[in-house]
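Encoded as structure tokens, the structure appears first; notes follow it.
What you see is a predicted model; the values in this text were computed from it and never measured. In listed order, ligands and their atoms are each counted from 1.
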Amino acid sequence: MTTQEVMIQKSNSLFVPTYSRFPVMIAEGYGCVLKDSENKEYLDFLAGIAVCSLGHCHPRITDAVCQQIKKLVHVSNLFHTFPQTRLADMLVANSFADRVFFANSGAEVNEAAIKLARKYGGEGRYEIISLEGSFHGRTLAAVTATGQPKFHKGFEPLPKGFRYAPFGNIAALEELISEKTCAILLEPVQGEGGVRPLPESYLKAIRTLCDKHDLLLIFDEVQVGMGRTGSLFAYQQTCVTPDVMTLAKALGNGLPIGALLTTERIAPVFSPGTHASTFGGNPIASAAAVAVMEIMLEEGFLEGVQARGRYMTEKLSELIGKYKHLLSGVRGLGLIQGLVLTEEGVGHGAEIVNKMFDRGVLINFAGNAVLRFIPPLIVTEKEIDLMIQELSSTLASI
Ligand SMILES: *Cc1c(COP(=O)(O)O)cnc(C)c1O
């Protein structure tokens, strides 16, 4: 056995078995390429699940982290710090929001949004409506908000006060609204659920319902925020502005940080002592996120994401024509895209992902019928071509 195989076996025996991992020890990464411990290279179209959007070990982020780690690592939120304040300032300046709350992950900021919504609702108004097929995280409240029963199984009793609306059906959603409702929570583009953008008219109708019934509209942009769709935030490509937005994945390019953004009107619902996070907005993670924001706001960055997004759509669409029996469509926005598999294709989904892995290209399966492509946003046309070439060969072999 190679050292890598020995270590993989060890790893498989050590952890609580929550993950089924690719059989590889990733040792290093640069840009869109990861390397295992035997120097085999992988072209990364997963980016640590839409986290390393500026690629692996981006020199400017590494530099920001190294500078900060020599100065100050942690003081808790009993104190003000420069990186955290700078980051909040940048988030506010570039979004609808006036105020920010930091935590460490997507689930945690969604948890904060759920608590904020309940406080906003007040006495007897605590129900939150989310959408079927959604994904909001794994903590007990966030997983309950997640509109997919498979994530709930075995964890009952679930917290009360969550209702689920069928995707795309505004009448069914309106029927769920009662005097108990305080918020509607949704991903403007569903990620884990299978890369499904919400139609603009649907979003608009939901905004109208929120205004009519005084409900908070919460956008979970944990996966699609931070440039992924070709705008800094996905909501900016719609005619709808949320009241609350949550961010995490790509915010720190791999350093753990999450942010809840909201307005001056809503923020005072929380007061000192009502909610908190010890590590939230830690100086190191914040310094990384400041560097991320600086890079993404540079002229041409987001236009580049849009251009390569269009390129990827075009190339993925060409495959549909070639492999009609396996692929039925492409959907997504910017550099989060999904290839929808046919019924026959679904039967081969895992096989396609594994064959791609053997060929040195990382992709995954989102939802039950979609191949997901979420490369670092710095991916080049050449790298897209390489991925497409391997995907075409893989599909041809099935
Ligand atoms: C990944 C994800 C989460 C959960 O984030 P964690 O950091 O894993 O807790 C929540 N919402 C969406 C849309 C996600 O994609």
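At a threshold of 4.0 Å, the pair Arg99-Glu264 counts as salt-bridged, since one of the basic side-chain nitrogens sits closer than that to a carboxylate oxygen. Salt bridge absent: Asp44 and Lys35 never bring a charged side-chain N and a carboxylate O closer than 4.0 Å. Ionic pairing of Glu174 and Lys212 is present here: one or more N-O contacts between side-chain nitrogen and carboxylate oxygen are shorter than 4.0 angstrom. Salt bridge annotation for Lys355-Glu351: present, with a cationic side-chain nitrogen under 4.0 angstrom from a carboxylate oxygen. Ion pairing between Glu28 and Lys40 fails under the 4.0 Å rule for side-chain N and carboxylate O. A salt bridge is absent between Arg265 and Asp98: the closest approach of a Lys/Arg side-chain nitrogen to an acidic carboxylate oxygen does not fall below 4.0 angstrom.
The contact set between ligand 1 and Gly137, taken as ligand atoms under 4.0 Å from a residue heavy atom, comprises 4 (C), 10 (C). Of all atoms in ligand 1, numbered sequentially from 1 with element shown, those under 4.0 Å from a heavy atom of His136 are 10 (C), 11 (N). If you number the atoms of ligand 1 from 1 as listed, the ones under 4.0 Å from a heavy atom of Glu187 come out as 13 (C). Counting atoms of ligand 1 from 1 in the listed order, those under 4.0 Å from a heavy atom of Asn110 are 10 (C), 11 (N).
With a 4.0 Å heavy-atom cut-off, ligand 1 is reached by the backbone of Ser105 and by its side chain too.
The single protein non-hydrogen atom nearest to atom 1 (C) of ligand 1 is Lys249 NZ, 1.4 Å, given as residue, atom name and distance. Among all protein heavy atoms, the one lying closest to atom 11 (N) of ligand 1 is Asp220 OD2, 2.7 Å. Scanning all protein heavy atoms for the shortest distance to atom 9 (O) of ligand 1 gives Ala107 N, 2.7 Å. Scanning the protein for heavy atoms near atom 5 (O) of ligand 1, the closest one is Gly106 CA, 3.3 Å.
Between Glu192 and ligand 1, no pair of N/O atoms sits closer than 3.5 Å.
Taking the centre and axis of the six-membered ring of Phe167, the NZ or CZ atom of Arg196 falls inside the cone set by 45° and 6.0 Å.
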